[in-house]
Amino acid sequence: SRNIEDGVWSKIGLDASTIEHMNKNEDALFIPDVMNYLSNINGKIYLVGGGENECLREVEFCLRVLSKPYNIIKEWVY
């Protein structure tokens, strides 16, 4: 998250205190190739697995920035 530009943060839609917390966190968001990978996906996207407020949330942020619709299958999220 330390490398995310202000314009991208505004697309994600998080409040300033959440952004500040993420930027000070030691295990801040860093997904080098995910944005490129996700931007090439066409069709339905289903998110499964991963921690609801951890890696799954990070992929959600990426999809929101890319304006890609997605569905979460809650039964497969922890």
Side-chain angles (χ1 to χ4, degrees):
S1 62
R2 292 180 195 104
N3 298 330
I4 296 176
E5 296 174 5
D6 290 339
V8 174
W9 278 122
S10 64
K11 288 183 182 180
I12 293 173
L14 297 176
D15 60 71
S17 63
T18 302
I19 294 167
E20 183 179 347
H21 171 76
M22 291 179 70
N23 284 330
K24 291 181 179 179
N25 193 341
E26 286 183 16
D27 58 344
L29 174 65
F30 179 71
I31 309 174
D33 299 317
V34 167
M35 294 296 282
N36 187 40
Y37 176 80
L38 292 174
S39 67
N40 291 315
I41 294 177
N42 296 312
K44 294 184 179 184
I45 298 174
Y46 294 95
L47 299 181
V48 300
E52 184 174 21
N53 294 310
E54 297 169 3
C55 50
L56 181 79
R57 183 75 67 220
E58 294 170 352
V59 174
E60 278 188 90
F61 290 159
C62 294
L63 290 169
R64 287 169 63 185
V65 166
L66 294 168
S67 299
K68 295 268 188 178
Y70 61 91
N71 294 300
I72 298 174
I73 301 177
K74 292 277 187 185
E75 302 86 61
W76 295 345
V77 175
Y78 56 90

CD on E60 to CD on E52, rounded to 0.5 Å = 8.0 Å

query = Among the clusters formed by ILVMFWY side chains lying less than 4.5 Å apart, do Y78 and I73 turn up in the same one?
reply = no

request  = For residues L56 and G49, report the shortest heavy-atom separation together with the two atoms involved.
outcome  = CD1-O, 3.5 Å

inquiry  = For a quick test of reading the model, state the closest non-hydrogen atom pair linking S39 to K68 and the distance between them.
reply    = O-NZ, 3.3 Å

ask   = Quick one: are V59 and L38 in side-chain contact, heavy atoms under 4.5 Å?
value = yes

ask   = Going only through I, L, V, M, F, W and Y residues with side-chain contacts under 4.5 Å, is there a path from I41 to V48?
value = no

inquiry  = Hydrophobic cluster membership, with links at side-chain heavy-atom distances under 4.5 Å among I/L/V/M/F/W/Y: are Y37 and Y70 in one?
reply    = yes

ask   = Quick one: which of V65, N40, L63 gives a side-chain contact (heavy atoms from CB on, under 4.5 Å) with M35?
value = V65

